[in-house]
Amino acid sequence: MVKIEDYPLSRVPQTQRVSMLSVAIVHMGMLTALDQFMLGAVLGDSMALIDAFIAIFIGSLLFGIVTFGLGFAGMREGLSGSLLARWCGFGRIGSVLIGFIVAISLLGWFGIQNAIFAHSLNFATGDKLGFVWAAALSGTLLTTLVAFGFKALRFTARIAVPLFILLVAYISITVLSGGSGQPLHEIIRLPHSGDTLSISSGITIVVGGAIVASLMTPDLTRYTQSGKHVFGITLLTIIAGEFVINGLAILIAKALNTSDVVTIMSQVAGGAGLLVVVFSTLRVNDLNLYSSSLGIINAVEGITGKKLHYPPTTLGIGIFGTLLSILGILDRFVDFLTVLGVVFPPIIGIMLVDYYILRSYRKILDESREHGTLPYETPTIGWAAIIASVIGSVIGLITDWGVPAINSLLLASLTYGLFKLVCKRS
């Protein structure tokens, strides 16, 4: 069994490595969830079919390259992503800051998923609750359950993924076989009805929807046995999450003329569809809130030395996430994905440049790996990496030319390389 929380501050020994399938199932779970279906629905409702699949292809290619690169490093070193970052440019404090950014992004995902839960709850009650009260109720309930370790959530997590996959299969068969009133060849030619997204914007939100999983990939691939396994895991995740889940969602959104997941599920599958949506949001938000809380606790301890208590931290984060739902973060879903699509690529690009090209700490990584220990030398903070990340993210956000996700990754990587070159010569 692969557990992300095992070996948090050490290498995974070779004796604990597992089969490719064991890791692949967990990794695919990151991108075969409701959020990927939501992303596909947005693409289908905002782009022509060929443009949507071009965005998926290029976004998946970028995701695949950086995910394999990080995953291979995680496999080779047996280290999690946060530990790897310490010796890939960011240093101890810099890696803590990365963890903090991941925690904040998961908080945003909590707000979005809770809003979906609230819409489902409000729809099921015939709009009697109202969205605000429904969001407050669902957010408070889930936060309380996660904060105090309610064991029923584990059961929910086990059944949510297969139920969701079965629901997507049922909706796909129903809608795409002519159940929507239109045959598939007509659906393919339908124009989009939502606000138009350019291909470059589509690529960026595809990257944004998957990039946190990319950064977390070493947490899983450190359990794998070879580079071939890492490649297989990456490929399977892209096929399952990007092309199957996203692809079906694009076609379904076009057929039903909407990107609203609650409308799609209720219109085709009725109450059963809404129930699966609720189970899916519970499963995803359980992980979002748990991981976000641990990330905040670790970040505060790493920077200040003070250790926060888990229950009150989770309650505070859950309340804030619920507030994001009420304030309408779901309406800013595309903007949220765009931000993720320009903030995380610079971090990953810098780690890859440092590990594979500059090789700043490869010697001590290699020496310590032979003994199964961590390097004896740990840099405190990598200012060059942090500054380059900020520059890449800002340029990615404010420029209109090219693809923002690619712009931010390339600019941050080049800036970091130049910084290190200048510092080495001075």
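Side-chain atoms of S19 and S22 form a donor-acceptor pair, as typed in the model, at a separation below 3.5 Å.
Remark: F53 CZ is packed, more than 12 non-hydrogen atoms of other residues, nucleotides or ligands lying under 6.0 Å away. Other residues, nucleotides and ligands place more than 12 heavy atoms under 6.0 Å from the CZ atom of R369.
Between D366 and R76 there is a side-chain heavy-atom pair separated by less than 4.5 Å.
With R17 contributing its side chain and M75 its backbone, the two residues share a donor-acceptor pair below 3.5 Å. Under a 3.5 Å cut-off, the side chain of N114 and the backbone N or O of G139 do form a donor-acceptor pair. The closest donor-acceptor contact from the side chain of D219 to the backbone of G81 lies under 3.5 Å.
Residues satisfying the side-chain contact (heavy atoms from CB on, under 4.5 Å) criterion with S172, sequence neighbours excluded, are V168, L176, L248, I252. With sequence neighbours excluded, the residues forming a side-chain contact (heavy atoms from CB on, under 4.5 Å) with N288 are L106, W109, F110, Q113, V284, N285, listed by chain and number.
Among all heavy-atom pairs drawn from T304 and V300, the shortest one is OG1-O, 2.6 Å. Looking at every heavy atom in both residues, T224 comes nearest to H229 through CB-CB, 4.2 Å. The two residues S389 and I350 make their nearest non-hydrogen contact at OG-CD1, 3.2 Å.
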